[in-house]
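See structure below.
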Amino acid sequence: MDEQALLGLNPNADADFRQRALAYFEQLKISQDAWQVCAEALAQSIYSDDHIKFFCFQVLEHQVKFKYSELTEVQQQLIRETLITWLQAQMLNPQPEKTFIRNKAAQVFALLFVTEYLTKWPKFFFDILSVVDLNPRGVDMYLRILMAVDAELVDRDVVHTSEEARRNTLLKDTMREQCIPSLVESWYQILQNYQYNNSELTCQCLEVVGAYVSWIDLSLIANERFINMLLGHMSVEVLREEACDCLFEIVNKGMDPIDKTKLVESLCQVLQSAGLFSIDQEDDVDFLARFSKLVNGMGQALIASWTKLIKSGDMKSAQDALQAIEAKVSLMLQLLIHEDDDISSNIIGFCYDYLHILKQLSALSDQQKANVEAIMLAVMKKLTYDEEYNFENEGEDEAMFVEYRKQLKLLLDRLAQVSPELLLASVRRVFNTTLQNWQTTRFMEVEVAIRLLYMLAEALPVSHGAHFSGDVTKATALQDMMRTLVTSGVSAYQHTSVTLEFFETVVRYEKFFAVEPQHIPTVLMAFLDHRGLRHSSPKVRSRTAYLFSRFVKSLNKQMNPFIEDVLNRIQDLLELSPPENGYQALLSSDDQLFIYETAGVLIVNSEYSAERKQALMRNLLTPLMEKFKVLLEKLMMAQDEDRQMALADCLNHAVGFASRTSKAFSNKQTVKQCGCSEVYLDCLQTFLPALSCPLQKEVLRSGVRTFLHRMIICLEEEVLPFIPSASEHMLKDCEAKDLQEFIPLINQITAKFKTQVSPFLQQMFMPLLHAIFEVLLLPAEDNDQSAALEKQMLRRSYFAFLQTVTGSGMSEVIANQGAENVERVLFTVIQGAVDYPDPIAQKTCFIILSKLVELWGGKDGPVGFADFVYKHIVPACFLAPLKQTFDLADAQTVLALSECAVTLKTIHLKREFCQALQQPDAKVFKNYLKVFFQRAKP
C-alpha cells in the first residue's frame with residue numbers, strides 16, 4: 001500500500017496528506033484487487049496503526065456493499081476467511097481493538113451476513129459462536145455483530161427499497177426457523193456467565209435481547225428463567241438501566257390481551273416486592289428515567305389490553321385489566337410529580353391514556369375522582385419554572401422545558417374533558433390564592449397561576465372565544481379571574497415571564513372587555529408604559545408590540561374614547577430609526593410594523609369624519625415621507641457601501657411602514673370612504689423616485705413593489721397613472737429575480753383592471769418579453785443550480801403572465817404585437833409545453849393554448865392560427881406526454897396532462913377538419929381537403 005498516503009489517515013495530519021489519503025481511498029475503491037491487500041493486512045495484523053486498520057475495513061465494506069457480485073467464489077471465500085481469522089486474533093491480542101474498529105468490523109460482518117446467509121453461509125452465527133465460545137473479547141464482537149445485523153434488518157431510521165424490505169423479511173423468517181433458539185440460548189449463557197463479573201458485556205447482551213425481542217418469538221424470552229434473571233438484574237446498580245430497557249421491550253411486544261395483563265402483573269409483583277416502587281428512596285435519576293419509561297410501557301400495555309377486551313365484549317377480563325391499571329396510578333403519580341422533568345415526561349403517555357379511559361366511563365368512583373384531582377395538582381406543580389431557567393439566554397435545557405410544558409398542556413386539556421368543573425375550581429383556587437399575595441410570591445408561582453388561566457381558554461373550548469356568555473358558572477368564574485388579573489396590579493410584577501403571561505392572557509380573553517369595558521384604560525396603560533412597549537427587556541417590548549396590535553384590533557369600536565390619547569403616546573415609537581451609529585431605538589423595525597398597523601386600525605375604525613381620519617392619517621404618514629426624501633438624497637451621495645446598505649434598509653422600512661398602515665382598510669372601510677386616497681397618492685409620488693436610484697436597487701425595488709401591490713388593492717384605478725413609469729424603471733437593468741417579482745405586479749394589475757389597462761399592456765408587452773428573453777438566453781455554468789432554478793422560476797412567471805393576459809379576455813394585447821412577435825410568443829408556449837421538464841410550467845402552457853384555441857380557433861381568429869393549431873398545438877399534445885421526463889406518477893404532471901386533454905377537447909370543439917369530414921357530400925370534402933393540404937405545406 002501507499003505508505004505516504006496512509007499517513008494522511010491520522011486526524012492530526014496536515015491537509016495535503018489528508019487529501020492524498022482521500023484520493024487513495026477512492027482509488028482503492030475502484031481498483032480490482034485492492035481489497036485483497038486490505039484483507040491480507042487485517043488477517044495477518046500487518047499494521048498496528050488504528051486508522052489504517054479502520055481504513056482497511058472501509059475498503060472491505062465498500063467491496064461487500066457494492067461489488068460483491070463481481071467476485072469469484074474463491075474470492076468470496078477469502079473475505080469470509082479473512083473476517084473469521086481477524087475474529088480469532090481478537091481473543092489472542094494483548095490489547096483489545098479500539099471501539100470504533102470493532103464497530104466497523106461488526107458492520108462488515110453484518111453486510112456479509114445479509115449478502116450470504118440465505119445462500120452460501122447458512123451457518124454464519126454458528127461459525128462465529130464456535131470461534132468466540134465464552135471468551136470475553138469474542139463475546140463482545142459477537143454481540144456487536146448481532147446489533148449490526150439487527151440494524152441492517154429492522155432499523156426504522158434506514159429507508160429500505162421494497163426489494164430490500166422483502167429480503168429482510170425472508171432473512172428474519174429464516175433466522176427464526178434456523179438459529180434464533182440457539183442465539184437466545186447463547187444470550188442466556190452469556191448473561192449467566194458474566195452478570196456478576198463483567199457488567200459491560202452483560203449490558204451489551206441485554207441491549208441485544210431488547211433489540212431482538214421485537215421480532216422473535218416472545219416465549220423464548222418471556223419465560224421464567226429469563227424473566228427471573230432480568231428481575232435479578234433490576235437490583236444490580238450497574239445492570240438495572242439496561243435490564244429496565246430490556247423489560248420495556250418485552251412489555252411492548254404485541255400479544256394476547258389476557259396474556260399481556262398476566263405478564264405485566266407478574267412483573268409488577270416482583271418489582272414491587274424488590275422495593276422498586278418506593279420512588280422517594282431512589283436517588284439515581286438516570287435509573288428512574290428508565291424505570292419511568294418501563295412503568296409507562298406497562299401502564300399503556302394494560303390500557304391497550306383493556307381497550308381490546310372491551311371491544312371483544314370480555315367484560316370480566318376487562319374489569320381485571322382496569323383493576324390492574326388502577327393499582328399502578330399511585331406509582332404513576334409519584335413519577336409524574338418527580339422533580340426531574342425527564343422522569344415525569346416519560347410517564348405522561350400512561351397518564352394521558354388513563355384519563356382517556358376515565359372519560360369513557362359513565363361514572364367515576366371516589367378513588368378515580370381523587371386520582372383526577374391528584375393528576376391535576378401534579379400538572380399544576382410541574383408547569384412551574386424552576387430557579388435555573390434562563391429567560392435572557394434560552395438554551396437547550398430551556399427548549400426541553402418548553403416542550404415538556406406542551407406535553408403537560410395536553411394532559412390539562414384531557415383533564416378538562418374528564419372533569420371540566422373540577423379543573424375550573426382547582427385553577428380558580430390556585431389563581432385567587434396566588435394573586436391575593438402576588439407582591440410576596442415567587443415569580444414562578446405567579447406566572448403559573450396566570451398561565452393556568454390562559455390555558456383554560458383552550459381546555460374549555462367555546463365558539464369564537466365566547467367565554468363570558470352561556471354557562472353561568474364558567475362565565476362567572478372566568479370573569480372573576482380576569483377582573484382580578486387586571487385590577488390586582490400584577491402587571492407591575494418585576495419579572496419578564498409574569499409580564500408576558502399577563503399580556504398574553506389579556507389578549508386571549510379580549511371578549512372580557514366587551515363585558516367590563518371599564519378596565520380597558522388600565523390595560524392600555526400597561527401596554528403603553530414601562531410594563532409593555534417601554535419595558536427594559538427587548539423580548540417583552542417585541543412581543544408586546546404584536547399583542548398590542550391584536551388587542552386594539554379585537555376591541556374595535558370600544559377604542560374610540562382613547563384613540564387620540566393612544567396615538568399621542570405611541571408617537572415616539574413610530575419614529576423611523578436613522579441609520580446613524582449609536583442610536584438605539586426601543587423597537588426593531590419588525591416590531592414597528594405592528595405599531596404602524598395599530599395606528600392605522602385606530603384611525604380607520606374610529607367614528608371620526610372622513611376629514612378627521614384624513615388629517616390623522618396625514619399626521620401619521622407625513623413624517624415618513626419627509627424622512628424618506630432626506631434619506632434618498634443621502635443615499636444618492638453615499639460612497640461607502642455599508643452606509644448605502646443602511647440607508648437603503650431605512651428607506652425600505654419607511655415604505656414598509658406606510659404599506660402596513662393600509663392593512664387597516666377593508667371592504668366596509670375603503671381608502672376612498674375614509675378620505676385617505678390623497679395621502680396614499682402622496683406616498684406613491686414620494687416613494688416612486690427610489691426606483692430610479694442606481695444604488696441598492698434590489699432592496700429599494702422590493703419595498704416599492706410591495707407598496708404598489710397594496711395600493712392596487714386600496715386605491716383601485718387611482719393608482720393606474722403611476723404604473724407606466726414605475727414599470728419602465730423596474731424593467732431597467734433587471735435580473736431574473738427582479739423580473740420574477742415584477743411579473744406578479746403586472747398580473748395583479750391585468751386581472752384587476754382588465755381592459756382599462758389594455759393600452760398600457762400593449763405598449764409594455766414586448767419590452768417586458770424582451771427583458772425576459774434576454775435573461776433566459778444568458779449563458780450559465782452547467783452545474784450552477786441556483787441560476788438554473790432562477791431561470792425555471794422566471795419561465796414559470798412568464799407563462800403565468802401570458803395566462804393572466806389570455807384569461808382576462810385581453811388576447812388582443814398579444815394579437816396586436818405584429819405577426820412575427822405573435823409567432824415568437826406562440827412558439828415559446830409550445831416549447832414550454834413540450835421541451836422543458838417542468839410540469840407546473842407545462843400545465844400553464846396548455847391552459848394558455850386551450851384558451852387561445854377557444855378565442856382564436858374560429859373563422860375570426862388571426863391569419864394562420866388554424867394552421868398553427870394542426871401543425872404545432874395538436875402535435876404538442878402528443879409529444880409532451882410521450883417524453884421520458886413526463887412522469888405520470890407525479891401529481892403535478894397528471895394536472896399538466898389533464899390540461900393537455902382540455903386543449904385537445906377545445907380543438908375538437910373548434911374542429912374545422914372534423915366538421916368538413918362529416919359533410920355528406922364527398923365532393924365538398926374533396927375540395928376542402930385540397931385547400932387543407934395546400935395550407936398545411938410549409
Side-chain angles (χ1 to χ4, degrees), residues 735-736 739-740 742-743 746-747 765-782 784-785 787-807 811 813-815 817-857 861-888 890 892-904 906-907 936 938:
E735 295 171 7
L739 283 166
Q740 203 182 305
F742 171 65
I743 291 169
I746 298 300
N747 289 350
F765 186 84
M766 284 319 293
L768 172 60
L769 263 60
H770 284 141
I772 293 170
F773 297 157
E774 199 177 318
V775 172
L776 288 176
L777 290 170
L778 283 173
E781 299 280 333
D782 288 345
D784 188 347
Q785 290 186 333
L789 183 63
E790 274 196 351
K791 284 189 176 183
Q792 183 189 50
M793 299 312 286
L794 177 57
R795 217 175 274 115
R796 283 183 190 176
S797 298
Y798 163 60
F799 293 132
F801 167 61
L802 294 181
Q803 185 191 348
T804 307
V805 172
T806 53
S811 58
V813 168
I814 302 174
Q817 298 302 319
E820 197 179 316
N821 286 331
V822 173
E823 191 175 324
R824 188 177 180 190
V825 169
L826 289 175
F827 275 118
T828 61
V829 180
I830 293 291
Q831 200 179 14
V834 178
D835 293 343
Y836 297 113
D838 176 5
I840 293 172
Q842 287 175 295
K843 180 184 80 170
T844 311
C845 289
F846 281 119
I847 292 171
I848 297 164
L849 291 172
S850 64
K851 192 70 187 172
L852 289 175
V853 170
E854 183 190 316
L855 296 168
W856 294 351
V863 176
F865 186 73
D867 294 349
F868 187 84
V869 170
Y870 291 108
K871 278 184 185 174
H872 301 288
I873 299 181
V874 172
C877 292
F878 290 92
L879 288 170
L882 287 170
K883 288 262 183 184
Q884 289 296 321
T885 50
F886 201 85
D887 179 10
L888 290 169
D890 172 63
Q892 286 292 346
T893 307
V894 171
L895 292 175
L897 183 66
S898 120
E899 292 304 333
C900 173
V902 172
T903 306
L904 283 169
T906 311
I907 293 168

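Keep in mind that what you see is a predicted model, and the values were worked out from it rather than measured.
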Student check: side-chain heavy atoms of [X] and [Y] closer than 4.5 Å:
| X | Y | result |
| --- | --- | --- |
| L769 | T828 | no |
| D890 | P839 | yes |
| F846 | S898 | no |
| Q831 | Y836 | yes |
| Y798 | V825 | yes |
| L897 | T893 | no |
| F765 | N821 | no |
| V869 | L852 | no |

Closest heavy-atom pair and its distance - [X], [Y]:
| X | Y | value |
| --- | --- | --- |
| L849 | A833 | CD1-CB, 4.4 Å |
| L895 | K843 | CB-CD, 3.8 Å |
| I873 | V853 | CD1-CG2, 3.9 Å |
| E790 | A736 | OE1-CB, 3.8 Å |
| A800 | T844 | N-CG2, 4.0 Å |
| V834 | K883 | O-CE, 3.6 Å |

Measuring from [X]:[atom1] to [Y]:[atom2], what's the distance to the nearest 0.5 Å?
| X | Y | atom1 | atom2 | result |
| --- | --- | --- | --- | --- |
| I848 | F801 | CD1 | CZ | 10.5 Å |
| M793 | I840 | CE | CD1 | 7.5 Å |
| D835 | Q842 | CG | CD | 9.0 Å |
| F773 | L739 | CZ | CG | 11.5 Å |

Checking K851 side chain against S811 main chain: does a donor-acceptor pair fall under 3.5 Å? no
Can you tell whether the side chains of D838 and R795 come within less than 4.0 Å, N to carboxylate O? no
Is E735 atom CD crowded by more than 12 heavy atoms from other residues, nucleotides or ligands, each under 6.0 Å away? no
Is the F868 ring parallel, tilted or perpendicular to the F865 ring (thresholds 30°, 60°)? parallel
